[in-house]
Student: 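Just dropping this structure here.
Counting convention: from 1, in listed order, for ligands and their atoms alike.
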Amino acid sequence: MKLAARVGQITPSLTLAIDAKAKAMKRDGIDVCSFSAGEPDFDTPDHIKRAAEVALQQGKTRYGPAAGEPLLRAAIAHKLQTDNHLSYKAENIIVTNGGKHSLYNLMMALIGAGDEVIIPAPFWVSYPEMVKLAGGTPVIVQTTADSQYKITPAQLEQAITPQTRLLVLNSPSNPTGMVYTPDEVRAIAQVVVEKEILVVSDEIYEKLLYDGAEHLSIGAVSRDVFDRTIISSGFAKAYSMTGWRVGYLAAPVELIQATATIQGHSTSNVCTFAQYGAIAALEGSQDCVEQMRLSFAERRSAIMELIHAIPGLTCVKPNGAFYVFVNISKLGLSSLEFCDALLSEQNVAAIPGVAFAADDHIRLSYATSMTTIERGLERLTSFVKSRF
Ligand code: GLU
């Protein structure tokens, strides 16, 4: 069958493909230790589930406004004001089918042929593909472990051309787990304002910080940068709501209206009763978020210790999200060869760094149980030792 040319320009999502493979192997009774998709292993907190159940019982089962339930849009605006010092109103918010969909809507509304989008690498697998789907050009800026995989203001300045529309900033970062310090965010903000570009700040991991790391939302730096900022986020990671598919975008009204028009012709509203669960997530106690963060912190310590004990592997200690980005270059295998062999020989699933433009790395998600971490890292140790 002849498919549209755009399909040929993109590749399947490796994070989803490997996660699906690991889950299928588990269903077949294989004892897999999966460090693949960034999916918390906790159940969604009870009060959030109950709110969705109540909404179902109350008949919140019908079409709603394409841009989202007014109550949820208002609750998100309130959260952004209180947590992030960003002055948004409900009209500045669109509720989307997960954080991923918020970014897709943004690219469709903002980016067209000839537009360049700067993406610091290593990057989350879907950013460049979304830019390409929108007809734009991803401009990849490589970073290294020396700068903790963060783009410097000088690198950003160098990458900007008259065609640049947008910078994608993701802190805490997927896949590296690095967090830009407030000073680093301010320095990036200065370039954004001086060069008159826009920035989308993907803040889906903002609640998952360790070792005293601080999250500064770039839009809070100054009024000038606020006007050039778009926030993308969602409920999946902080509230363990991956399957609910509720995310959002916050931006100037004109842009939100454009994304709502696109959504009106593509998905319509996000599942109505799921949105009531999201309202409960924001309005209820935040203790559940802190409990999960503390568990992730313990797991991070455990996995770091185990990785450090494996000769030949190195990694920078992450201070956010729930990923460790491990350098495998000493093994002389591509990241795909490494991950394929690790899965087939040891039943351990990891994401090859090639998905994130870093073929000498693999990504391990530690949003999994301590038992999986211990057993999986034992297997990873045997795997690496067998290669030397
Ligand atoms: N964002 C998560 C990850 O990177 C979930 C999978 C996906 O959407 O890519 O693993």
Student: By side chain to side chain contact (heavy atoms under 4.5 Å, CB included), which residues pair with Y63, not counting sequence neighbours?
Tutor: N269

Student: So if I only count non-hydrogen atoms and take anything under 4.0 Å from ligand 1, which residues does that give, chain by chain?
Tutor: T15, L16, A37, G38, K100, W124, N174, K237, Y323, R363

Student: So, using side chain to side chain contact (heavy atoms under 4.5 Å, CB included) as the criterion, who are the partners of A274 when residues are at least two apart?
Tutor: W244, V246, C271

Student: Step through it carefully: locate the ring centre of Y210, locate the ring centre of F322, and say whether they are under 6.0 Å apart.
Tutor: no

Student: Any carboxylate oxygen within less than 4.0 angstrom of a Lys/Arg side-chain nitrogen, looking at K23 and E39?
Tutor: yes

Student: Is it true that R379 and D31 make a salt bridge, defined as a side-chain N closer than 4.0 Å to a carboxylate O?
Tutor: yes

Student: Using the side chain to side chain contact (heavy atoms under 4.5 Å, CB included) criterion, which residues pair with E206? Sequence neighbours excluded.
Tutor: K79, N84, E203, H215

